[in-house]
Amino acid sequence: MPIYEYHCNTCEVNFEKIVSSSTATEPINCEKCSSQNVVKKISVGNYRLSSSTATTIPSGALSGCSSSSGFS
């Protein structure tokens, strides 16, 4: 089941919620104030790099893209 991030416009809190496909159409209530005035945030992937590799691309990230693919 996916975890979605939400922002409550009433109390300004951010929270996460596990949403199953069977409950995906139900309204979401804020975990702090129970308001339904919430918006789904756009989430980014959670990748962690050590400080020594912070400026490099993770291994395999672009493995499908190579200059020797035969296309000009």
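Glu26 pairs by the side-chain hydrogen bond (donor to acceptor under 3.5 Å, both in side chains) definition with nothing, not counting sequence neighbours. Legend: residues meeting side-chain hydrogen bond (donor to acceptor under 3.5 Å, both in side chains) with Ser34, ordered by chain and number and at least two apart, are absent. Remark: Ser20 engages Met1, Ser22, Thr23 in a side-chain contact (heavy atoms from CB on, under 4.5 Å) (not counting sequence neighbours).
The OH atom of Tyr6 lies 10.5 Å from the CD atom of Glu31; values are rounded to the nearest 0.5 Å. The structure places CD1 of Ile18 at 12.0 Å from OH of Tyr4, a figure rounded to the nearest 0.5 Å.
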Which donor-acceptor pairs under 3.5 Å do side chains of residues 10-17 form with protein atoms, sequence neighbours excluded?
residue	atom	partner	partner atom	Å
Thr10	OG1	Ser35	OG	2.9
Glu12	OE1	His7	NE2	3.1
Asn14	OD1	His7	ND1	2.7

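Between Val39 and Asn9 there is a side-chain heavy-atom pair separated by less than 4.5 Å.
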